[in-house]
Amino acid sequence: MKGIEYRGVTSVDGPIVIVRRAENVFYGETVCVRDRYGEKRVGRVIDISEAAAVVQIFGSTTGLDLEMTSFEFLETPLELRVGEGLLGRIFNGLGEPIDGYPPIISSRMINVNGNPINPYARVYPRDFIQTGISAIDGMNSLVRGQKLPIFSGNGLPHNKLAAQIIRQAKLRSSDEQFVMVFAGMGIKYDVARFFIDTFEESGVLSKVVMFQSLADAPSIERIITPRCALTAAEYLAFEKGMHVLVVLTDMTNYCEALREISTTRGEVPGRKGYPGYLYSDLAELYERAGRIKGSEGSITQIPILTMPNDDISHPIPDLTGYITEGQIVLDREMSQKGMYPPVAGLPSLSRLMKDGIGVTKDGKVMTREDHANVASQLFASYSKVKSVRNLSAIIGEEELSAIDREYLKFGERFEKDYLTQGEYEDRTIEQTLDLGWKILATLPREDLYRIKPQFIEKYLPKSEDESGEIPQA
């Protein structure tokens, strides 16, 4: 240990402890706090004044009294030990092993808050990631280095979808495999067990680093969990040249912990009681994804958040949507119909999709030349289906025109054959696009106005019997 140990604190309020300030204390510095029995707790400085420092304790403050509690400023930020032994390990929210094995053997320590990345050093994300899920690959494509969140709700199968993406994600442009970093914040034990069992059964556990802050852990620990996970991801991506897929769940629990700290500190609340710095705090996490010049590795982020009351305008999904490059929105009504994955066709969006699909000007094949046209036509046609369904609810289906009834049939088939697939069904992008063509073949040719005529001649099935089955791998 280093530094001077001080005794006596000014106040203890929940996870917040106010202590006398020592010289040269800096924001984010790690503090070791001991109660009268010598039991150690770790905290960090979150505010400084001329006379005092505000320390956030990662754990319970029960047993800390004002006179006998001692504290020591460690003159270092909170750090994570990293090394070759990270993969296949399970840690708690502070980066301490909880899988029964000893800490990894390494002298390399990295600040969990990360280092700012020069925007000029970033490489624009372009490489298509095939997840094997038609609703994502075909219409909301994921690109290497992108941050694409899943907007879900309580009880919806977002965990199942995330596990499927982790199992099936692959780069079409190379044979390199993804390694996974999983961070669970405030998740229940059965959710943590589900992911561990899924990784074991699919044989990918040796390529996964897990950080778990369970629901019974101090909520304040959730603030550090994603930062530890992203620090591990940055080490694997930018120092070891690996392609890393980061899943953060549940960001809503993280934001609730932020609100708890903000309320305890007496800060002026913003929308729905969340702190005014919620946007910048989330941006600190989300912007740690991407690719950097000079490194072969990459970090692709899939944050998962459960929208309170399924409200997409709630501050958490609202601000997340501004920072990230799109969103995959899960729909409760589709889930109640038994559809999996219940990806809502119209609210979902991938802003980087256009740069990672099709064929580039220099002839590089990312997916297939017709991809952008097919996705655009499916969006437009499904939008028409929604309008027809609303009209049908008012005047009745029998009063609809013949073409409107065709669109209703198209909508049913699109949801049943294209959006719906098995939990372990891994479709190639060619299968997804061929399936899209076969469903579009049920519409009149003149309605395929978003597709180039040469693609219609080349890919549109010529007869009805060609448009009935999902193409097999």
Side-chain angles (χ1 to χ4, degrees), residues 133-140 151-153 155-157 161 307 309-313 327-349 370-423 425 427 431-453 455-457 459-472:
I133 301 167
S134 292
I136 297 176
D137 291 350
M139 301 175 68
N140 305 285
F151 289 2
S152 185
L156 295 181
L161 178 61
M307 300 178 289
N309 300 316
D310 293 353
D311 179 12
I312 200 169
S313 65
Q327 66 273 338
I328 303 297
V329 182
L330 302 191
D331 184 82
R332 190 171 300 279
E333 185 178 343
M334 294 171 71
S335 180
Q336 289 170 345
K337 290 180 180 177
M339 296 172 59
Y340 174 85
V343 175
L346 302 183
S348 299
L349 167 71
D370 59 318
H371 190 161
N373 281 194
V374 171
S376 180
Q377 186 61 61
L378 287 172
F379 265 117
S381 301
Y382 193 50
S383 178
K384 176 74 178 291
V385 170
K386 294 289 189 180
S387 300
V388 172
R389 284 176 176 171
N390 291 336
L391 180 62
S392 174
I394 297 171
I395 67 173
E397 187 173 339
E398 64 279 356
E399 298 296 328
L400 296 175
S401 65
I403 186 62
D404 284 348
R405 286 196 286 270
E406 287 296 320
Y407 270 96
L408 286 182
K409 291 178 183 177
F410 164 84
E412 291 172 6
R413 188 165 185 184
F414 176 71
E415 292 176 346
K416 177 176 176 289
D417 292 342
Y418 191 91
L419 295 182
T420 303
Q421 66 184 85
E423 185 182 348
E425 185 179 356
R427 297 177 183 169
Q431 284 179 289
T432 291
L433 293 174
D434 289 345
L435 178 56
W437 276 109
K438 294 191 174 196
I439 295 171
L440 288 172
T442 61
L443 295 175
R445 267 197 181 209
E446 58 269 19
D447 278 22
L448 305 183
Y449 52 89
R450 289 180 177 262
I451 304 179
K452 294 179 180 178
F455 293 160
I456 293 178
E457 292 300 322
Y459 294 105
L460 187 69
K462 299 298 187 293
S463 59
E464 177 59 30
D465 62 307
E466 287 184 83
S467 60
E469 299 297 329
I470 296 175
Q472 298 300 312

Open item on the list: Ring-plane angle category for Tyr382 and Phe414, please: parallel below 30°, perpendicular beyond 60°, tilted otherwise.
Closed with: tilted

Open item on the list: Please determine whether side-chain contact (heavy atoms from CB on, under 4.5 Å) holds for the pair Tyr407 and Asp447, giving the CA-CA distance in whole Å, both sets of side-chain angles, and the decisive distance to 0.1 Å.
Closed with: CA-CA 10 Å; Tyr407 270 96; Asp447 278 22; 2.7 Å; yes

So how far is it from [X] [atom1] to [Y] [atom2], rounded to the nearest 0.5 Å?
X: Leu433; Y: Leu440; atom1: CG; atom2: CG; answer: 10.5 Å
X: Met339; Y: Thr420; atom1: CE; atom2: OG1; answer: 3.5 Å
X: Leu448; Y: Leu378; atom1: CG; atom2: CG; answer: 9.5 Å
X: Asn140; Y: Ser134; atom1: CG; atom2: OG; answer: 11.5 Å
X: Leu408; Y: Lys384; atom1: CG; atom2: NZ; answer: 10.0 Å
X: Ile328; Y: Met139; atom1: CD1; atom2: CE; answer: 10.0 Å

- [ ] If a pair satisfies side chain to side chain donor-acceptor pair (under 3.5 Å) and one of its residues is in residues 333-348, list it, with sequence neighbours excluded.
- [x] Gln164-Tyr340

TODO: Evaluate the side-chain contact (heavy atoms from CB on, under 4.5 Å) criterion for residues Phe151 and Leu156: first the C-alpha distance (whole Å), next the side-chain angles of each, then the deciding distance (0.1 Å), finally the verdict.
DONE: CA-CA 10 Å; Phe151 289 2; Leu156 295 181; over 6 Å; no

Would you mind reporting whether [Y] and [X] have side-chain heavy atoms less than 4.5 Å apart?
X: Val343; Y: Leu330; result: yes
X: Ser313; Y: Met307; result: no
X: Arg445; Y: Leu460; result: yes

TODO: Return the set of residues passing salt bridge (Lys or Arg N to Asp or Glu O under 4.0 Å) with Arg450 (not counting sequence neighbours), or none when no residue passes.
DONE: none

Open item on the list: Please enumerate all residues that pass salt bridge (Lys or Arg N to Asp or Glu O under 4.0 Å) together with Asp137, with sequence neighbours excluded.
Closed with: none

Open item on the list: Under the criterion salt bridge (charged side-chain N to carboxylate O under 4.0 Å, His left out), I'd like the reasoning laid out for Glu412 against Arg389: C-alpha separation, chi angles, the key distance, then a yes or no.
Closed with: CA-CA 11 Å; Glu412 291 172 6; Arg389 284 176 176 171; 5.9 Å; no

Show which side-chain atoms of residues 395-406 pair as donor or acceptor with protein atoms under 3.5 Å away, not counting sequence neighbours.
from	atom 1	to	atom 2	distance (Å)
Ser401	OG	Asp404	N	3.3
Ser401	OG	Asp404	OD2	3.3
Arg405	NH1	Leu400	O	2.6

Open item on the list: If we count only N and O atoms by modelled type, under 3.5 Å, do the side chains of Thr432 and Arg427 hold a donor and an acceptor together?
Closed with: no

- [ ] Please name all residues satisfying side chain to side chain contact (heavy atoms under 4.5 Å, CB included) with Leu349, sequence neighbours left out, ordered by chain then number.
- [x] Gln327, Arg351

Looking only at heavy atoms, what is the nearest atom pair of [X] and [Y], with distance?
X: Ala135; Y: Leu419; answer: CB-CD2, 3.8 Å
X: Asp331; Y: Ala344; answer: CB-CB, 4.0 Å
X: Pro342; Y: Met334; answer: CB-CB, 3.9 Å
X: Leu435; Y: Tyr418; answer: CD2-CA, 3.8 Å

- [ ] Please assess Ile133 against Leu161 for the test side-chain contact (heavy atoms from CB on, under 4.5 Å), listing each intermediate value before the final yes or no.
- [x] CA-CA 9 Å; Ile133 301 167; Leu161 178 61; 3.5 Å; yes

Open item on the list: Could you walk me through whether Lys438 and Asp417 satisfy the side-chain contact (heavy atoms from CB on, under 4.5 Å) test, starting with their C-alpha distance in whole Å, then the side-chain angles of each, then the deciding distance to 0.1 Å, before giving a yes or no?
Closed with: CA-CA 10 Å; Lys438 294 191 174 196; Asp417 292 342; over 6 Å; no

TODO: For Asn373, check side-chain hydrogen bond (donor to acceptor under 3.5 Å, both in side chains) against everything at least two apart and list the hits.
DONE: none

